[in-house]
Amino acid sequence: MEEDIDTRKINSSFLRDHSYATEADIISTVEFNSTGELLATGDKGGRVVIFQREQENKNQPHRRGEYNVYSTFQSHEPEFDYLKSLEIEEKINKIRWLPQQNAAYFLLSTNDKTVKLWKVSERDKRPEGYNLKDEDGRIRDPCTITSLRVPVLRPMDLMVEATPRRVFSNAHTYHINSISVNSDYETYMSADDLRINLWNLEITNRSFNIVDIKPTNMEELTEVITAAEFHPHNCNTFVYSSSKGTIRLCDMRSSALCDRHSKLFEEPEDPSNRSFFSEIISSISDVKFNHSGRYIMTRDYLTVKVWDLNMENRPIETYQVHDYLRSKLCSLYENDCIFDKFECVWNGSDSVIMTGSYNNFFRMFDRNTKRDVTLEASRENSKPRAILKPRKVCVGGKRRKDEISVDSLDFSKKILHTAWHPSENIIAVAATNNLYIFQDKVN
Amino acid sequence: MPSQEVTMFTRGIKRKSCDPEEDNDGPLAEVKTVPSYTLERQSLLDMSLVKLQLCHMLVEPNLCRSVLIANTVRQIQEEMTQDGSWHIFDQRRTDQFPLDRLVSTDILCRSTKEQDEGRMNDEYIAYSEELEVHQTQEISELPPVTSLKPLQNTPSNLWETESPQDNNNKVHFQKSLDHIFETLENRNATCVEDLFSEVDTSYYDLDTVLTGMMGNSKLGHCDMLESFSPPSTTSSNCKTEHNEIDHIVEILVES
């Protein structure tokens, strides 16, 4: 992997000026569409920014398919729940693209409470010369119409329009952490801390509760749902992860309310590493099926694990993301970093997995060679088309040149959200308010 | 924090390394043998209680975070009960705040008297959640869900910890949290002071915790801490919200 990484270049980066960055600019989700032509980001200000990959240009071979802003729209606005006397943040928690079925693109975006279906479409022609109304749209006096006229389409400047097609609200009492489009392309699910609901994409006033772990007495609550995803091919199967480090696989054919899981994936606790923080660091922050649906990847605070659907008692692979933090857990608990929710992604062929860390570092693990690399997404160290250098964190002992010591890591710079192009080696990394796009070097 | 301090939190180690006769010596002897461990554990417990208290002051705290913190407190409390130090901890608290238990018992028993606005507001929040759940059910035309409870059984929509009627451990635990419940119920000017007096600052510096939390990117804490500074705002807000809720409920009833 290291060789691969050495040849990676910054193709393009969407950089907002640091001095103008506000809380609202912090990127909260990143997602490629199914072809990789589009990349969507959501931010804390409720905005969705879509980037489109430009067509390859033979005259400028070094400009290979850079991503440029395609459309920006305000997906969610801050709201106020008067009954609960509660502000609902506009922050976009997740974006999921629907498979493309016509010229338009569709995506789902969600904040804490409401999921919206957006249509993003292009318009470069407009009809002119209506017979029954004038150019301003006013109806003409029928007496003045003496001849038959058919409107014609005239070309105009390309416009990209985003229109909300469906708003799915009032179904979540707790905060939505995941949305996942089903492989039937007709339904999707939304998961909050205690419940998972199933929706039809066409129907906004009805959802079906498929998981409910809310105890009758809330005082007995010890576990919450942290993430959920549909199987990529079996439309009846889905998984959800919990704050106790377990993953449950459910089959919607067995019952309408999937209270009983079909499979429970859980690794026994290592007694040698047991501490008061054991449960907190085993809490799963993200769960992702691989492309074939045979494996599941989970991210907890210190590791990424790959599970085989056919083996429930332990993961088949465990990768240490930043094990040097194990001795810092108390401070990380104190400053609340221990509750950060890092996500994880597969590459197109499922051979490499990627996840974030602190200090603007992110990690890649090659599952075949078992090699791993730490890379940095930072403005200071990367200029357009620069090559990324692997970074190393030094643990105790003497610090070598180019190494960074654990104590000087910046815990406010965290990479929680990353995305991998579905078929090519192009990655998108969200570092606070900056989005970095890296790709393999051209030859 | 240096790494050596952290390793002391490793559970169970002290029991392995201790003399096998420790059980006979009684829990106090054990506490004496590993003072730094108990000290660290104590500071972790205090830190967790402050965090939990702050969670409870939010209308809608990050549920995952609060559940994890509460489970940590439970763990520490279990271990402290086992080695007997919980009793000391509890005693210390009771000595310092003898009235707490009286107040909290009152709250936990959920007497029907509505003495203060804070409580009424809580009840309203609980009610509104139920209302929302009902609405959702209606809209979704879902089958009846078991989680729907009669209103009087809902202590609060806020997520709360252990119930008092369970076993001995939990009763002890409940006592430790009594102050939390108290501050939860009394959202008034004194709650900030209560919060700070709760913690034995000889164990750790509260500033560090709060600064740590302020530095965090999660907006909630900052918002919350800021909202504390003018103490009167909270209660007056409650009042206005209250009237608004009253009004809304009226409308709902009329329609």
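Note that this is a predicted model, so its numbers are computed, not measured. Every chain is numbered from 1, with letters handed out A, B, ... down the list of sequences.
Only the side chain of A/Lys244 has a heavy atom closer than 4.5 Å to any heavy atom of chain B. Proximity to chain B involves both the backbone and the side chain of A/Ile280, based on heavy atoms less than 4.5 angstrom apart. Proximity to chain B is limited to the side chain of A/Leu194, based on heavy atoms less than 4.5 angstrom apart. Contact annotation for A/Ser243: both backbone and side-chain heavy atoms come within less than 4.5 Å of a heavy atom of chain B.
Considering only residues two or more places apart in sequence or on other chains, A/Asp323 meets the side chain to side chain donor-acceptor pair (under 3.5 Å) condition with A/Arg326. Taking the salt bridge (Lys or Arg N to Asp or Glu O under 4.0 Å) definition, one finds that A/Glu223 meets it with A/Arg248, sequence neighbours left out.
Both the sub-6.0 Å distance and the 45° axial angle are satisfied by B/Lys51 relative to the ring of A/Tyr333.
Using bins of under 30°, 30° to 60° and over 60° for the plane-to-plane angle, the ring pair A/Phe168/A/Tyr188 lands in the perpendicular bin.
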